[in-house]
Amino acid sequence: MSDLKRGLSEAVGAAFADLGLPAELARVTASDRPDLADFQSNGALAAAKRVGKNPREIATAVAGRLGADSRLAAVEVAGPGFINMKVTDGALSARATEIAADPRLGAEPVAVPRRVLIDYAGPNVAKPMHVGHLRSSIIGESLKRLYRFRGDTVLGDAHFGDWGYQMGLLIGAVTDERPAIGAVVEAANAAGVPPADISAFEAVSLADLDRLYPEAAARGKADTDYRDRARKITAALQAKQAGYYALWERFRDVTRVALERDFHALGVDFDLWKGESDVEDLIDPMVAELDAKGLLIDDQGARIIRVAREGDKRELPPLLVVSSEGSAMYGTTDLATILDRKQSFDPERVIYCVDQRQADHFEIVFRAAYLAGYAQEGQLEHVGFGTMNGADGKPFKTREGGVLKLGDMIEMTREKARERLHEVGLGESLPPAEFEAIAGKVAVAALKFADLQNFRGTSYVFDLDRFTSFEGKTGPYLLYQAVRVKSLLRRAADEGVAAGPVAVIKPAERDLVLTLDAFNSALVEAYDRCAPNAVAEHAYRLSQAFSKFYAACPILSAEPAVRASRLTLAATALAQLEQALDVLGIGVPERM
RNA sequence: GCGCCCUUAGCUCAACCGGAUAGAGCACCUGCCUUCUAAGCAGGCGGUUGCAGGUUCGAGUCCUGCAGGGCGCGCCA
């Protein structure tokens with residue numbers, strides 16, 4: 001079951017092959033000139049260039065061979081050699097009926113499913129998430145759903161930043177501030193067994209950690225004695241000394257509870273909560289192995305892997321595996337994580353959904369991984385994204401100039417969603433719990449759609465008023481459209497009206513079916529380019545096409561056969577819209 | 001200094017391998033609710049795609065240079 005676009009591509013490709021031209025040039029796309037055609041192929045232009053013939057002649061010959069295709073109502077050659085195709089109402093009706101019956105709503109799965117791991121969000125112990133985590137979470141979640149929907153076996157990993165020097169700093173700061181905790185930790189360290197009673201640890205909250213960490217980090221920079229002490233604690237923690245390790249577990253657990261609350265509110269979830277600590281034990285053997293492979297080079301007291309390649313425009317720095325002080329670095333952990341993933345899941349593709357600014361870092365780590373044989377060239381991909389900016393065009397800050405916590409941003413958006421709902425008097429008759437659930441969905445839709453409608457690589461401006469508006473190209477608008485159809489379908493069910501085969505009559509119906517048919521190519525494009533904005537764009541177009549259809553074509557009051565056809569169209573548009581929104585990580589309420 | 005990215009309508013953003021008349025939304029203007037949710041629909045206004053060259057039948061897209069903005073450049077993560 002293929003979409004019209006692909007079906008026509010095959011037909012045009014066959015015509016090309018008949019003429020001795022490369023069939024792969026025969027790509028059919030939605031027409032740029034809907035006034036002239038439904039679909040077009042520019043292949044004759046490309047073929048003409050390749051074989052040195054007149055493009056119009058080729059186009060005319062191809063058009064002649066397409067004339068017999070029963071799906072086509074008209075084939076014309078236009079301009080320098082465009083092949084314009086108009087499909088019959090019958091072909092559209094058949095395609096619509098097909099999509100309506102398809103549990104995948106017209107989307108084809110990938111030909112060869114792969115094992116894919118998506119590394120996103122990247123929260124840290126002791127630090128609440130802030131707006132910087134928003135994009136990674138939203139985009140990564142969407143990619144996970146997109147890949148999964150296309151048929152791959154996908155794991156999402158939060159890649160928890162839970163290890164390293166900052167943990168030593170924090171343990172020092174907490175034990176200093178709370179002697180009772182310090183005493184428990186010291187006793188356990190001395191005894192070499194985990195503390196029996198850790199009730200003292202319960203006094204440590206995420207807010208404490210969040211407050212203490214910046215202070216400790218600043219002091220660590222200024223005060224060498226303090227820094228040395230933190231390093232010693234770090235080393236002891238990494239050696240799993242009982243007291244430190246127990247306190248660290250408390251840090252990790254208290255942080256994770258808060259993180260999961262934020263992720264839940266955002267509609268983001270993970271299959272894996274692997275952290276840096278999980279690969280700690282792999283590091284020493286890995287370093288030994290890298291050494292045995294002859295990849296490690298001593299340089300300025302450190303041990304590095306050189307990753308520069310011929311043809312590089314500039315010299316890429318090496319991967320620093322072991323620092324001059326003997327400790328593992330950021331990149332070392334990343335490399336060990338690649339090894340760990342190979343040994344556990346053996347992914348054929350790993351996507352790192354991380355800020356664009358880390359592009360060099362990942363390039364270095366990936367090259368090292370390829371050299372080490374931990375992954376095959378090209379399997380690792382950094383999917384970078386731009387920043388979310390404030391109205392001033394600079395990375396988003398609160399009015400006070402601070403970093404906005406993700407939880408606060410979500411609550412801010414929910415509050416705005418409640419206001420918006422009240423403004424238009426919606427949902428007020430619903431039970432408070434349902435109203436609150438709707439406000440939550442409106443908020444998530446607002447944030448996610450605002451982000452995902454932009455190509456991930458570019459930065460965008462955060463504007464809550466605009467994002468939460470029910471008018472225009474927004475998440476709430478899409479929810480409204482979906483809910484409106486649900487209401488219609490409920491009414492149809494109440495009246496006992498049944499859906500039936502689609503028969504396209506009006507232009508608005510044609511356009512709606514053409515849009516439904518374009519779902520697959522939107523998914524393919526999003527998949528190939530790791531660009532969920534293609535799906536967001538499709539969801540919006542579908543909503544618009546439905547809305548036009550809804551305004552132009554009465555449904556329940558139409559005569560029975562027309563009514564049955566239109567009900568199928570409405571139900572299919574809704575199902576596909578919900579599926580597209582689901583890929584974006586956006587859920588739709590039943591009513592509003 | 002070297003490297004990467006960005007600059008498209010008043011504002012916020014699209015534009016798949018180079019293709020026809022560069023698209024949406026917001027804002028502004030004109031119509032349409034006794035009929036399925038008007039949070040909508042129909043229409044209008046708005047562009048020398050930062051600047052200057054080049055390649056091409058054809059350039060927002062490719063190449064060169066310039067201007068402006070952002071980011072990165074081994075012992076933080």
Is a donor-acceptor contact shorter than 3.5 angstrom present between the side chain of Gln300(A) and the base of rG74(B)?
yes
Answer with base, sugar-phosphate or nothing: what part of the nucleic acid does Arg231(A) contact at a heavy-atom distance below 4.0 Å?
sugar-phosphate
Please report the distance separating the P of rA22(B) from the corresponding atom of rC32(B), rounded so that it comes out in whole Å.
32 Å
Now, which nucleotide makes the Watson-Crick or G-U wobble pair with rU8(B), with each of the two distances under 3.5 Å?
none
Which nucleotide in the list rC41(B), rC75(B), rC36(B) gets nearest to the side chain of Leu320(A)?
rC75(B)
Regarding the side chain of Asn533(A), the nearest nucleotide among rA77(B), rG40(B), rA14(B) is rA14(B)
Looking only at atom C1', what distance separates rU55(B) and rA59(B), rounded to whole Å?
10 Å
I want to check one thing: is the phosphate of rU37(B), taken as OP1 and OP2, less than 4.0 Å away from some side-chain N or O of Ser487(A)?
yes
Parallel, tilted or perpendicular: which one describes the rings of Phe467(A) and Tyr460(A), with boundaries at 30° and 60°?
tilted
Taking the nucleotide of RNA chain B with the closest heavy atom to each, which residue, Ser324(A) or Ile555(A), is nearer the 5' end?
Ile555(A)
Counting only side-chain heavy atoms from C-beta out, which of rC75(B), rA77(B), rC73(B) sits nearest to Asn124(A)?
rA77(B)
Gap in Å between the two P atoms, one belonging to rC6(B) and one to rU61(B), rounded:
12 Å
Just checking, Arg484(A) and Tyr550(A): is the charged tip under 6.0 Å from the six-membered ring centre and within 45° of the axis?
yes
Can you tell which of rA38(B), rG72(B), rC75(B) lies closest to the side chain of Ala302(A)?
rC75(B)
Do Asp360(A) and rG3(B) have a side chain to base donor-acceptor pair shorter than 3.5 Å?
no
Can you see if the side chain of Lys548(A) gets near the phosphate of rA42(B) - specifically, an N or O under 4.0 Å from OP1 or OP2?
yes
Hey, is the side chain of Gln40(A) pairing donor to acceptor with the base of rA20(B) inside 3.5 Å?
yes
Which nucleotide, if any, forms a Watson-Crick or G-U wobble pair with rG53(B), using both distances under 3.5 Å?
rC63(B)
Within the 4.0 Å heavy-atom criterion, would you say Asp35(A) contacts the bases, only the backbone, or no part of the nucleic acid?
base
Between rG19(B) and rU56(B), how many Å separate the two C1' atoms, rounded to a whole number?
12 Å
Is the positively charged end of Arg150(A) above the ring of Tyr527(A), judged by distance under 6.0 angstrom from the centroid and angle within 45° of the axis?
yes
Could one point to a donor on the side chain of Lys49(A) or the base of rG58(B) with an acceptor on the other under 3.5 Å away?
yes
Quick one: label Asp465(A) by what it contacts on the DNA or RNA (base, sugar-phosphate, nothing), any heavy atom closer than 4.0 Å.
nothing
Are Lys274(A) and Asp340(A) close enough that some pair of their side-chain heavy atoms sits under 4.5 Å apart?
yes
Would you measure the distance from the P atom in rU37(B) across to the matching atom in rG43(B) and give it in whole Å?
24 Å
Using a cut-off of 4.0 Å on non-hydrogen atoms, how would the nucleic acid contact of Thr458(A) be classed: base, sugar-phosphate, or nothing?
sugar-phosphate
Syn or anti for rC62(B), taking syn as within 90° of 0?
anti
His361(A) and Tyr330(A): aromatic ring centres closer than 6.0 Å?
yes
Is Phe82(A) stacked on the base of rG19(B), with ring centres under 5.5 Å apart and planes under 30° apart?
no
From C-beta outward on Tyr550(A), which listed nucleotide comes closest to its side chain: rU37(B), rC16(B), rC73(B)?
rU37(B)
Measuring to OP1 and OP2 of rC41(B), would you say a side-chain N or O of Tyr477(A) lies under 4.0 angstrom away?
yes
Out of rC36(B), rA20(B), rC13(B), whichever nucleotide has its closest atom nearest the side chain of Asp32(A):
rA20(B)
With a non-hydrogen cut-off below 4.0 angstrom, is Val483(A) in contact with a base, only sugar-phosphate, or nothing?
base
Between rG3(B) atom C1' and Arg357(A) atom CZ, what is the distance in whole Å?
17 Å
Checking side-chain polar atoms at under 3.5 Å, does Lys416(A) have a donor or acceptor matched by the opposite partner on Thr468(A)?
no
pair_partner(rC76(B)), Watson-Crick or wobble, both distances < 3.5 Å, evaluates to none
Paired nucleotide for rC71(B) [Watson-Crick or G-U wobble; both distances under 3.5 Å]:
rG3(B)
Side chain Asp162(A) and base rA77(B) donor-acceptor under 3.5 Å:
no
Using the closest heavy atom to pick a nucleotide of RNA chain B for each, name whichever of Cys553(A) or Gln481(A) lands nearer the 5' end.
Cys553(A)
Pairwise C1' distance, rG40(B) and rG46(B) [rounded to whole Å]:
23 Å
Under 4.0 Å, heavy atoms only, any strand: does Glu276(A) hit a base, just the sugar-phosphate, or nothing?
sugar-phosphate
Would you mind classifying the nucleic acid contact of Ala217(A) as base, sugar-phosphate or nothing, using non-hydrogen atoms under 4.0 angstrom?
nothing
Between Tyr120(A) and His133(A), ring centroids under 6.0 Å
no
Describe the nucleic acid contact of Gln544(A) in one word from base, sugar-phosphate, nothing, applying a heavy-atom distance below 4.0 Å.
sugar-phosphate
Using atom C1' in both nucleotides, what's the gap between rC4(B) and rU48(B) to the nearest angstrom?
29 Å
Could you check whether Phe362(A) and Tyr352(A) have their ring centres less than 6.0 Å apart?
yes
Quick note, Arg529(A) side chain, CB onward, closest among rA15(B), rA24(B), rU37(B) is rA15(B)
Counting heavy atoms from C-beta on, name the nucleotide in rA77(B), rA14(B), rU37(B) closest to the side chain of Asn454(A).
rA14(B)
With a 3.5 Å limit on both atom pairs, tell me what rC32(B) is paired to, counting Watson-Crick and G-U wobble, or say none.
rG40(B)
Hey, is the side chain of Arg314(A) poking within less than 4.0 Å of OP1 or OP2 on rG1(B), counting only N and O atoms?
no
Plane angle bin for Tyr477(A) and Tyr540(A) - parallel if under 30°, tilted between 30 and 60°, otherwise perpendicular:
tilted
Considering every strand and a 4.0 Å limit on heavy-atom distances, what is the contact class for Ser557(A): base, sugar-phosphate, or nothing?
nothing
Using a 4.0 Å heavy-atom cut-off, does Pro55(A) contact any base of the nucleic acid, only the sugar-phosphate backbone, or nothing at all?
nothing
Candidate nucleotides rA77(B), rG74(B), rU37(B), ranked by approach to the side chain of Pro317(A) - the nearest
rG74(B)
Could you please name the option among rC16(B), rC13(B), rG40(B) that lies closest to any side-chain atom of Thr29(A)?
rC16(B)
Counting any heavy atom closer than 4.0 Å, what does Ser459(A) reach on the DNA or RNA strands: base, sugar-phosphate only, or nothing?
sugar-phosphate
